Structures are given as C-alpha cells and as structure tokens.
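Below you'll find the structure, written out as structure tokens, and then a few comments.
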Amino acid sequence: MIDAAPYIGYAAAILGTVCWVPQLVRTLGTRMVRDISLWTTILLFVTMSLWFCYGLLLNAWPIIIANLLSGSAVALLLFAKIAWGKP
C-alpha cells in the first residue's frame, strides 16, 4: 500500500502557497492596501513562522516548504501594508 501522507502534505503545501499569489500580484500591482488588515497579516505571519519552526523540529518537509513559501508571500503583503498604508 502507498503511504499517501507525504503526497497529501505536498498537495496542501502547493495549494496553500498558490492561494496567496493572486492577492500578492494584485497588491504589488495596484499598491492598494487599505482593505488588508494589518493585525490579521501580522498574526498570520507569526502563525506561519511558528508552523515553519515546528516543521523544522519534526523534519517535516511539507510543513517546512509550505510555511516558508506562504510566510514569504505574507511577509511581502505585510511589508506592502506598512510601506504603502496610511500612517
């Protein structure tokens, strides 16, 4: 029998990362960040960072890859929100 767990993990990693691409492309293209919640983005970045660390501790590559890539996308959104948002 094939162990499906790694395949499910990698599929989740790919989909979880790809889901941020449309928002990131739109935000970087328009520089419109008014409707992006600063606190939600901060909390999401912290959550993904913790999941990344958890993946490192377990040596779980799907968790590591998913949260490294998704966390990078969210970090860019956070940077855009801070840089282009109204003071």
Side-chain angles (χ1 to χ4, degrees):
M1 178 174 263
I2 296 174
D3 182 18
Y7 298 109
I8 293 170
Y10 283 112
I14 291 167
L15 291 174
T17 300
V18 170
C19 77
W20 289 102
V21 172
Q23 182 66 59
L24 191 57
V25 168
R26 182 181 178 105
T27 300
L28 295 177
T30 64
R31 292 189 174 200
M32 292 177 54
V33 295
R34 182 184 55 163
D35 292 334
I36 296 174
S37 167
L38 177 63
W39 286 108
T40 299
T41 308
I42 289 170
L43 290 171
L44 188 56
F45 179 74
V46 171
T47 300
M48 289 178 173
S49 298
L50 291 171
W51 274 110
F52 173 76
C53 292
Y54 181 70
L56 287 175
L57 292 171
L58 295 179
N59 197 32
W61 285 102
I63 296 172
I64 294 167
I65 293 168
N67 289 286
L68 178 64
L69 296 176
S70 297
S72 297
V74 171
L76 280 172
L77 284 175
L78 183 58
F79 175 77
K81 176 65 176 176
I82 292 168
W84 299 330
K86 291 184 180 180

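Source: prediction; values computed, not measured.
Follow the hydrophobic side-chain contacts under 4.5 Å out from W84 and you never reach F79; the two are in separate clusters. Clustering ILVMFWY residues whenever any of their side-chain heavy atoms sit less than 4.5 angstrom apart, transitively, puts I36 in the very cluster that holds L76. Tracing side-chain contacts under 4.5 Å through hydrophobic residues (I, L, V, M, F, W, Y), one never reaches L68 starting from V46; they form parts of separate clusters.
Atoms CG and CD1, from L78 and I82 in turn, are 4.0 Å apart once rounded to the nearest 0.5 Å.
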Report all side-chain donor-acceptor pairs from residues 7-20 shorter than 3.5 Å, counting only partners two or more places apart or in another chain.
residue : atom : partner : partner atom : Å
T17     : OG1  : A13     : O            : 2.9
T17     : OG1  : S70     : OG           : 3.3

May I have the list of side-chain donor-acceptor pairs in residues 27-35 shorter than 3.5 Å, sequence neighbours left out?
residue : atom : partner : partner atom : Å
T27     : OG1  : Q23     : O            : 2.8
T27     : OG1  : Q23     : NE2          : 2.9
T30     : OG1  : R26     : O            : 2.8
T30     : OG1  : M32     : N            : 3.2

For this session: Apply side chain to side chain contact (heavy atoms under 4.5 Å, CB included) to the pair L44 and M48, showing each step before the final yes or no.
Result: CA-CA 6 Å; L44 188 56; M48 289 178 173; 4.0 Å; yes
For this session: Give the C-alpha distance, both sets of side-chain angles, the deciding distance and a yes or no for side chain to side chain contact (heavy atoms under 4.5 Å, CB included) between L58 and I64.
Result: CA-CA 9 Å; L58 295 179; I64 294 167; over 6 Å; no
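Legend: residues meeting side chain to side chain donor-acceptor pair (under 3.5 Å) with S37, ordered by chain and number and at least two apart, are T40. Contacts of S72 classified as side chain to side chain donor-acceptor pair (under 3.5 Å), with partners at least two apart in sequence or in another chain: none.
Counting Ile, Leu, Val, Met, Phe, Trp and Tyr side chains that sit under 4.5 Å apart, directly or through other members, V21 shares a hydrophobic cluster with V25.
Every pair passing ring pair (Phe, Tyr, Trp, His ring centres under 6.0 Å) that includes a residue from residues 26-56 is listed here, sequence neighbours excluded: W51-Y54.
Listed here is the closest heavy atom pair of T41 and V74: O-CG1, 3.7 Å.
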